[in-house]
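Here the structure comes first, spelled out in structure tokens, and everything after it is commentary.
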Amino acid sequence: MAFNLKGRSLLTLKDYSPEEIRFLLDLSHELKRQRRTGAVTQLFLGRTLALLFEKRSTRTRCAFETAFGEEGGHPVFLSSQDIQLGAKESIEDTARVLGRMFDAIQFRGFEQKMVEKLAEYSGVPVYNGLTDLYHPTQALADLMTVEEVFGTAKGRKVVFVGDGRNNVARSLLIICAKMGTDYTVVAPASLQPDKETLQLCGGYAEASGSSISVTDDIPKGVKDADVIYTDVWVSMGEEEKSKERLEMLKPYQVSEDMMALTGKRETIFMHCLPAVKGNEVSFEVIESAASRVWDEAENRKHTIKAVMLATI
Ligand code: CP
Ligand code: NVA
């Protein structure tokens, strides 16, 4: 079933129904197949996309730029070093100006409030390319990757190990709860998801028939996992917490021993990247046959293209 998502922003997956997410994932798989055939389509010919970055990026920037460019569109990279935003100009004024010149806007930065304001004032679709709170386009690529490996993500168990309250963990929690995937966070008490998000996602999980659990018990949490997922221990903007995090999360490194604790031979390893090998994941695990991180990175492009095609 096709959904009309024209004009919609993607600020957090909380705003998307399971049916809308399903539509975006189906389109992503289709776009990946199409790309493999070498077919040339120019669906964004004559269109423009503004890419605002307050934080660094490899995958997200390249996914947006190549996806838009492949379709004949013109992406414009605007780092916070270059534009007036944050120096002389407010987010509201920036949004109104960009909305007059671009067909869509991507924002990566610190505050969630910024993408919300961009969407409110620009009048064009705005995509959250990561804020301190959410990373919705990452979660779409993650679920697409799980579906490629297992056929479906429904009924599978995804276990996030490490900083369970960060942007990636939170967006993964939302998408799993909405799409019927069991989700477990294995993290020390101070790095577990907040009560409000857990409560909200509990409601989504009840509707989709999945379960959510949180524990600091590693063997109990990772048992039966189909996917072990981790992310950096120190997210962008939290650098002053490095020492404390390293000490706290040392026992949570995804190692070959931890992978064996799932009790399943087919368990895969996932990571949004960039990875700090030797911290959150051992070199052996990320380089092992169980690791799907490169497919996951590629899928950022197909899912981001799907989001843009559906909404522009
Ligand atoms: N996963 C991800 O968002 O990577 P980048 O920081 O390189 O964009
Ligand atoms: N949690 C990480 C994700 C990077 C893609 C960060 O925010 O730095």
Side-chain angles (χ1 to χ4, degrees), residues 10-13 28 49 51-68 75 77-80 105-115 127-146 158 160-175 185-187 190-194 197 227 229-242 244-246 248-249 252-254 269-277 279-281 286 291-308:
L10 174 56
L11 309 180
T12 154
L13 286 163
S28 306
L49 170 71
L51 297 168
L52 264 63
F53 282 84
E54 290 181 338
K55 291 176 176 172
R56 285 174 181 276
S57 170
T58 298
R59 278 143 289 268
T60 308
R61 175 182 174 179
C62 295
F64 272 102
E65 285 208 24
T66 57
F68 203 70
F77 177 73
L78 303 164
S79 92
S80 44
I105 303 168
Q106 183 277 170
F107 175 85
R108 164 172 288 203
F110 297 89
E111 293 178 69
Q112 179 69 14
K113 198 177 77 203
M114 297 285 271
V115 268
Y127 312 120
N128 178 354
L130 180 147
T131 60
D132 290 346
L133 288 186
Y134 302 108
H135 199 0
T137 61
Q138 179 69 53
L140 283 171
D142 296 340
L143 221 70
M144 179 184 180
T145 310
V146 175
V158 172
F160 187 98
V161 184
D163 180 5
R165 36 100 271 166
N166 78 9
N167 41 18
V168 169
R170 190 179 284 112
S171 289
L172 204 53
L173 164 58
I174 295 167
I175 204 167
V185 173
V186 180
S190 63
L191 296 176
Q192 293 176 355
D194 61 281
T197 307
V227 178
Y229 195 119
T230 193
D231 183 13
V232 289
W233 289 343
V234 184
S235 286
M236 289 179 279
E238 300 186 321
E239 288 74 14
E240 84 283 359
K241 296 215 161 68
S242 296
E244 165 194 324
R245 288 279 169 76
L246 254 68
M248 199 187 303
L249 286 168
Y252 293 83
Q253 183 192 81
V254 181
F269 170 73
M270 291 177 62
H271 192 310
C272 57
L273 304 177
V276 184
K277 299 175 191 178
N279 274 7
E280 72 272 6
V281 60
I286 199 166
S291 174
R292 297 303 165 123
V293 299
W294 314 118
D295 293 329
E296 190 184 356
E298 178 191 332
N299 290 339
R300 298 295 309 286
K301 172 165 159 162
H302 306 298
T303 42
I304 280 171
K305 193 186 268 187
V307 169
M308 293 194 292

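Numbering of ligands and ligand atoms starts at 1, following listing order. Values below: every heavy atom of this structure, side chains too, minus hydrogens, waters and symmetry copies. Quick note: residue numbers are just sequence positions, from 1.
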Could you find the nearest protein heavy atom to [atom] and give me its residue, atom name and distance?
atom                   : result
atom 7 (O) of ligand 2 : Asn167 ND2, 2.9 Å
atom 8 (O) of ligand 2 : Met236 N, 2.8 Å
atom 4 (O) of ligand 1 : Arg59 NE, 2.9 Å
atom 7 (O) of ligand 1 : Thr58 N, 2.6 Å
atom 4 (C) of ligand 2 : Leu130 CD1, 3.8 Å

Do the side chain of [X] and the main chain of [Y] share a donor and acceptor less than 3.5 angstrom apart?
X      : Y      : value
Gln253 : Asn279 : yes
Arg108 : Asn128 : no
Gln192 : Ala187 : yes

Can you check whether Cys272 has an N/O within less than 3.5 Å of an N/O in ligand 1? yes
Have a look at Arg300 and tell me which of Thr58, Thr137, Thr66 forms a side chain to side chain donor-acceptor pair (under 3.5 Å) with it. Thr137
Would you kindly say whether Asp142 and Thr145 are connected by a side-chain donor-acceptor distance under 3.5 Å? no
Classify the side-chain pair Gln112/Thr131 by whether it contains a donor and acceptor separated by less than 3.5 Å. yes
Parallel, tilted or perpendicular: which describes the rings of Phe77 and Phe53, with under 30° parallel and over 60° perpendicular? tilted
Flag [X] as yes when one of its N or O atoms lies below 3.5 Å from any N or O atom of ligand 2, and as no otherwise.
X      : result
His135 : no
Val168 : no
Arg108 : no

Less than 4.0 Å between a side-chain N and a carboxylate O, is that true for Lys55 and Asp132? yes
Assess whether a salt bridge exists between Arg165 and Glu238, defined as any Lys/Arg side-chain N lying under 4.0 Å from an Asp/Glu carboxylate O. yes
By number and element, which atoms of ligand 1 are closer than 4.0 Å to a non-hydrogen atom of Arg300? 1 (N), 2 (C), 3 (O)
Atoms of ligand 1 under 4.0 Å from any heavy atom of His135, numbered from 1 in the order shown, are 2 (C), 3 (O)
Is the closest heavy-atom distance from Asp163 to ligand 2 below 4.0 Å? no
Check whether Phe269 forms a cation-pi arrangement with Arg292 (NZ or CZ under 6.0 Å from the six-membered ring centre, at most 45° off the ring normal). no
Ligand 2 atoms in contact with Asp231 (distance to a heavy atom under 4.0 Å): 1 (N), 2 (C), 3 (C)
Interfacing atoms of ligand 2 (cut-off 4.0 Å, heavy-atom, Leu273): 5 (C)
So for Leu273 against ligand 1, with non-hydrogen atoms under 4.0 Å, the contacting part is backbone
Using a 4.0 Å heavy-atom cut-off, which part of Asp132 comes near ligand 2: side chain, backbone, both, or neither? neither
Residue of the set Gln138, Arg59, Met236, Glu54 for which side chain to side chain contact (heavy atoms under 4.5 Å, CB included) holds with Leu130: Met236
Considering Arg108, Arg56, Lys55 one by one, which has a heavy atom nearer to atom 6 (O) of ligand 1 than any of the others? Arg108
